[in-house]
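Remarks on the structure that follows.
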Amino acid sequence: MFYDTFLYLCNKVGISPSAAALDMGFQKSVVTRWKSGSIPRDVNLQKVADYFNVSTDYLLGKDEIKNTSDEQSEVDEIVEVLKNNPGMRILFSKTKNATKEDIEKVIKMLEIMRGDD
């Protein structure tokens with residue numbers, strides 16, 4: 001159950017399970033243990049929950065993500081922007097495999113360029 005949810009969240013944000021584990025400070029081998037049915041201890045479970053911005057109950061299958069209709073409308077809006085804006089499509093294609101740190105740097109650069117500090 002945990003691994004299925006973890007895999008779903010990785011796919012949702014476009015990162016491999018191994019890369020997500022490394023981003024969180026785990027060894028790549030932890031993914032194999034999770035796939036075999038192991039569940040992270042409380043501290044590490046919270047680390048995974050924080051990384052994906054979900055509850056630990058959600059990771060354990062005790063809670064569902066709420067506002068899936070809001071989530072779907074956000075996805076629909078993003079798809080519409082990508083369809084209608086060639087520049088955004090290029091930006092997406094160049095960044096779809098970016099790490100969390102890469103994305104944070106790009107956001108910071110955009111904020112500086114726009115004067116959003």
Side-chain angles (χ1 to χ4, degrees):
M1 178 67 83
F2 168 79
Y3 178 76
D4 293 335
T5 304
F6 174 71
L7 184 60
Y8 166 78
L9 291 168
C10 288
N11 289 333
K12 185 176 171 185
V13 298
I15 191 168
S16 74
S18 295
L22 290 173
D23 270 356
M24 289 182 267
F26 300 122
Q27 294 180 354
K28 284 172 39 173
S29 62
V30 76
V31 175
T32 303
R33 289 196 304 274
W34 293 345
K35 191 173 184 176
S36 298
S38 177
I39 297 172
R41 294 180 187 251
D42 291 344
V43 174
N44 290 337
L45 187 65
Q46 187 61 56
K47 193 182 281 192
V48 176
D50 292 344
Y51 183 83
F52 289 109
N53 196 28
V54 297
S55 69
T56 55
D57 283 344
Y58 175 75
L59 289 172
L60 297 173
K62 298 177 184 177
D63 192 14
E64 294 181 23
I65 288 183
K66 294 170 179 45
N67 299 327
T68 52
S69 63
D70 291 344
E71 199 174 90
Q72 185 58 48
S73 52
E74 183 179 356
V75 169
D76 292 343
E77 181 182 343
I78 292 167
V79 168
E80 196 63 31
V81 168
L82 290 173
K83 275 201 249 179
N84 296 318
N85 188 330
M88 291 301 288
R89 282 196 307 271
I90 293 168
L91 183 61
F92 176 76
S93 71
K94 297 288 184 185
T95 60
K96 67 183 173 188
N97 295 321
T99 65
K100 185 177 179 182
E101 290 80 16
D102 292 339
I103 292 168
E104 289 169 355
K105 288 176 188 175
V106 169
I107 290 170
K108 191 68 173 167
M109 288 182 348
L110 287 170
E111 288 171 346
I112 290 169
M113 288 172 29
R114 294 172 39 179
D116 291 346
D117 286 340

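As a basis for the values below, the full set of heavy atoms in this structure was taken, side chains included, without hydrogen atoms, waters or symmetry mates.
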Rounded at 0.5 Å granularity, tell me how far [atom1] in [X] sits from [atom2] in [Y].
X	Y	atom1	atom2	result
Ile107	Ile112	CD1	CD1	12.0 Å
Leu45	Leu59	CG	CG	5.5 Å
Lys47	Phe26	NZ	CZ	5.0 Å

Inset, instruction - Check whether any side-chain heavy atom of Asn11 sits under 4.5 Å from a side-chain heavy atom of Leu7, and report yes or no. - result: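 Counting from C-beta outward, Asn11 and Leu7 do come under 4.5 Å.
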Inset, instruction - Return the orientation label for the Phe2 and Phe6 ring planes: parallel under 30°, perpendicular over 60°, tilted otherwise. - result: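 Because their plane-to-plane angle is under 30°, the rings of Phe2 and Phe6 count as parallel.
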Identify the two heavy atoms, one from [X] and one from [Y], that lie closest to each other, and give their separation to 0.1 Å.
X	Y	result
Met1	Leu60	CG-O, 3.9 Å
Cys10	Pro17	SG-CA, 3.7 Å
Val48	Met24	CA-SD, 3.6 Å

Inset, instruction - Treat each ILVMFWY residue as a node, draw an edge where side-chain heavy atoms are under 4.5 Å apart, and state whether Phe92 and Val13 are in one component. - result: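 No; tracing contacts between hydrophobic side chains, which count when under 4.5 Å, never links both residues.
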Inset, instruction - Treating Ile, Leu, Val, Met, Phe, Trp and Tyr as nodes and any side-chain heavy-atom pair under 4.5 angstrom as an edge, say whether Val106 and Met113 lie in one connected cluster. - result: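 The answer is yes; both residues are in one hydrophobic cluster.
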Inset, instruction - Please answer whether the main-chain N or O of Ala98 pairs with a side-chain N or O of Thr95 as donor and acceptor at a distance below 3.5 Å. - result: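 No; zero donor-acceptor contacts below 3.5 Å.
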Legend entry - Exam field: side chain Asp102 to backbone Thr99, donor-acceptor pair closer than 3.5 Å: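 Yes.
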Give every donor-acceptor pair under 3.5 Å between a side-chain atom in residues 30-44 and any protein atom, sequence neighbours left out.
{"from": "Ser36", "atom 1": "OG", "to": "Thr32", "atom 2": "O", "distance (Å)": "3.1"}

Inset, instruction - Taking side chain to side chain contact (heavy atoms under 4.5 Å, CB included) as the test, write out the residues that go with Gln46, two or more places apart. - result: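 Expected list: Ala49, Asp50, Thr56.
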Legend entry - cation_pi(Lys12, Phe52) dist<6.0 Å, angle<=45: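 Cation-pi check for Lys12 and Phe52: fails.
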Inset, instruction - State whether the number of non-hydrogen atoms from other residues, nucleotides or ligands found under 6.0 Å of Glu104 atom CD is greater than 12. - result: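 Yes, because the 6.0 Å sphere around CD of Glu104 holds more than 12 heavy atoms from other groups.
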Show the atom names and distances, to 0.1 Å, of all donor-acceptor pairs under 3.5 Å that link a side chain in residues 78-91 to residues at least two apart or in another chain.
{"from": "Glu80", "atom 1": "OE2", "to": "Asn84", "atom 2": "ND2", "distance (Å)": "2.9"}
{"from": "Asn84", "atom 1": "ND2", "to": "Glu80", "atom 2": "O", "distance (Å)": "3.1"}
{"from": "Asn85", "atom 1": "OD1", "to": "Gly87", "atom 2": "N", "distance (Å)": "3.0"}
{"from": "Asn85", "atom 1": "OD1", "to": "Met88", "atom 2": "N", "distance (Å)": "3.2"}
{"from": "Arg89", "atom 1": "NH1", "to": "Leu82", "atom 2": "O", "distance (Å)": "3.0"}
{"from": "Arg89", "atom 1": "NH1", "to": "Lys83", "atom 2": "O", "distance (Å)": "2.9"}

